[in-house]
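In what follows, every heavy atom counts, from backbone to side chain, and hydrogens, waters and symmetry copies are set aside.
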Amino acid sequence: MWKIIKRTDLHWQILIALIAGTLFGIYLTPYVVWISWMGDLFLKLLKMVIIPLIVSSIITGIAGIGSPESLGRLGFKTIGFYMTTSLLAILLGLALVNIISPGVGADLSLAESVENVPAAEQSLGQLLLGAIPENVFGSMAKGDMLPIIFFTIIFGFFTNLSTPQHQKVIHNLFESLFDVMMKITMAVIKLTPLGVFAIIATVISRYASDTAALTQVFSRMGLYMLTVVLALFIHSQITMNLILMLARINPIRHLKNMSTPLLTAFSTSSSSATLPLTMDAIETKDGVSTKITSFTLPLGATINMDGTALYECIAVIFIAQAYGIDLSIGQQMIVVVTALLAAIGAAGIPMAGLVMMTIVLNAVGLPLEGIGLILAVDRILDMFRTAVNVYGDTCAAVVIARSEGEKLNV
Ligand code: ASP
C-alpha cells in the first residue's frame, strides 16, 4: 500500500487526500480532533523553511548577475521589465478578484474567528519604512519577512560589486544553501496530502450537518480557481502579447517556439527545473544570444514570477473576503506591494507561492490559517501559474534582445 502511495503523483495524492478529508469530515466528525494536528504540523513546517529559502533564493539570483558592467544598462532594463510586468499582473489580479468577488459570502466556517481578526491598520508609508531593518538578525528572529527581503536584495546587489574572489565565495555558499533548502522544501511539500487531509476534514466537519453550506464552499472554491485562471490567461495572452507586439515580435510564433518549456513548466510546476529548456528554446528557436539569455533567464526564474504575483494577490483577497473582512484601498495597496515582494522571494519550485503567502497575510493582519482554505487547490493552480511565470521570462528575453538590436527569428 505504502509503495503504491509513494509512486503516485503528488497531484493525485492531494486529490485523494481532498476526497478522503471531505468524507472524514462528514462521516467521522467527532474524530476530527484526533487528526487536526497534522494540519498544524504542515503549516509549521512550511513556516520553518521560509527564511533560509528566500534568503538563498534571492542572493543566488541577484549575486549571479556578474560584473558591474552587466549590472548597467542590461541589468536595469531587465529588472525594470520584470517589476513592471509583475506589477501589471498583480493589478489585473486585484481588479478581477474585486469584480468577481469569489470569497464574498463564502462563509467558510470562519465566522467565529472574524471578530478576532482585525485587519492591520498600517499605511503604505509605514509598511515601506518598516521594510528597512534596524537589525537584520532581529528581523530574522521575529520572522519579519519584508525587512529580510529588503536586506537580501541589497546584499545580493552589492555582492556583484565586491572582488571576484569574494563574489565567488558568496555565490557558491548561497547556491549550496539554496540547493539544500530546495531539498528540504521538496520534502515538506511531500507532506501536503497529509496537511490537505487534516485541514479539509477540520473545515468540512464544521458543516457536516449543513449540506447547503457545503455546496456553497465548493462553488466558491470553483469561482476562486476560475478567477486565478482567468487572470493568468489575460495576463499572458493579452498583456504580454501586446508588449511583444509593441516590440515587433510575433506572439503566435513566439508561443509556438516556447511550447516545450511551457509544457514542462506546467507539468513540473517548477520554473527552476524548466530553466535549461527555457534557455535552449529561447536561443535555438527565437535566436536570442547567449549573452542575453544567460543574464535574463536565470534571474527571471528566481525573481520574475508574474503568475505567482497575481496569484498571491487574488488568494489573499479571497481569504479576506471569506473572513468577511473589507480591506480598505490602503490595505489593498499593501497587498499589491507585498505580493510583488513575495513573488520576488518565491523560489522556482512547486508550491513556493503558497509558502510565501504568509508574508502577504501578515502584512494585512490576516491569520495564517487562511492558507488552509486554498491549500487543497494550490497544487493545481501552481501548474498554470508556473507556465505563466516561465512565459514572462521568455517574453523579457526576446523583448530585451530586440531592444539591443539583435536579429531574431520571431
Ligand atoms: N511553482 C512556481 C514556480 O516554480 C512558484 C510558485 O509556487 O508560485 O515558478
Side-chain angles (χ1 to χ4, degrees), residues 57 60-61 64-66 70 74-75 77-82 84-86 88-89 175 182 229 232-311 343 346-350 352-353 382-410:
S57 155
T60 311
I65 291 177
S70 38
L74 201 56
K77 228 192 249 183
T78 310
I79 293 174
F81 187 97
Y82 285 160
T84 315
T85 49
S86 295
L88 284 175
E175 206 168 37
M182 292 248 277
V229 173
L232 290 172
F233 180 80
I234 296 179
H235 178 74
S236 59
Q237 296 311 305
I238 300 182
T239 315
M240 293 313 283
N241 285 355
L242 278 177
I243 294 176
L244 288 181
M245 279 153 74
L246 279 178
R248 287 172 292 108
I249 289 157
N250 183 330
I252 298 172
R253 206 173 304 149
H254 174 68
L255 185 66
K256 222 167 113 211
N257 286 349
M258 293 305 116
S259 56
T260 309
L262 290 182
L263 287 172
T264 313
F266 185 78
S267 46
T268 59
S269 292
S270 169
S271 315
S272 296
T274 314
L275 185 60
L277 295 169
T278 320
M279 293 182 82
D280 179 65
I282 279 283
E283 282 180 30
T284 56
K285 298 203 169 142
D286 278 6
V288 176
S289 70
T290 314
K291 178 179 157 233
I292 290 188
T293 23
S294 62
F295 176 79
T296 50
L297 295 179
L299 182 65
T302 336
I303 68 161
N304 182 46
M305 299 199 179
D306 298 353
T308 303
L310 72 81
Y311 169 76
I349 53 173
D382 196 6
M383 302 170 81
F384 292 93
R385 67 178 185 256
T386 308
V388 173
N389 289 345
V390 171
Y391 189 63
D393 298 343
T394 66
C395 291
V398 272
V399 169
I400 287 161
R402 164 94 354 128
S403 77
E404 292 286 304
E406 288 195 359
K407 246 182 97 47
L408 306 172
N409 311 327
V410 278

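Applying the 6.0 Å contact sphere to CG of Leu246 captures more than 12 heavy atoms from other residues, nucleotides or ligands.
For an aromatic pair to be called close, the ring centres must be under 6.0 Å apart, and His254 with Tyr391 satisfies this.
For Glu406 (side chain) and Ser289 (main-chain N/O), a donor-acceptor pair under 3.5 Å exists by modelled atom type. For Tyr82 (side chain) and Thr296 (main-chain N/O), a donor-acceptor pair under 3.5 Å exists by modelled atom type. With Ser270 contributing its side chain and Gly348 its backbone, the two residues share a donor-acceptor pair below 3.5 Å. When atom types are taken as modelled, the side chain of Arg385 and the backbone of Tyr311 share no donor-acceptor pair closer than 3.5 angstrom. Remark: side-chain polar atoms of Asp306 are not paired, donor with acceptor, to backbone N or O of Gly392 under 3.5 angstrom.
At a threshold of 4.5 Å between non-hydrogen side-chain atoms, the residues Val399 and Leu244 count as touching. Contact annotation: the side chain of Met305 never approaches that of Asp393 to less than 4.5 Å [non-hydrogen atoms, C-beta and beyond]. When side chains are defined from C-beta on, Leu255 counts as touching Leu262, because their heavy atoms get closer than 4.5 Å.
Across every non-hydrogen atom of Ala347 and Ala352, the tightest pair is O-CB, 3.0 Å.
Thr60 and Glu175 share no side-chain donor-acceptor pair at under 3.5 Å. With hydrogens and angles left out, the side-chain atoms of Asp286 and Asn409 include no donor and acceptor closer than 3.5 Å.
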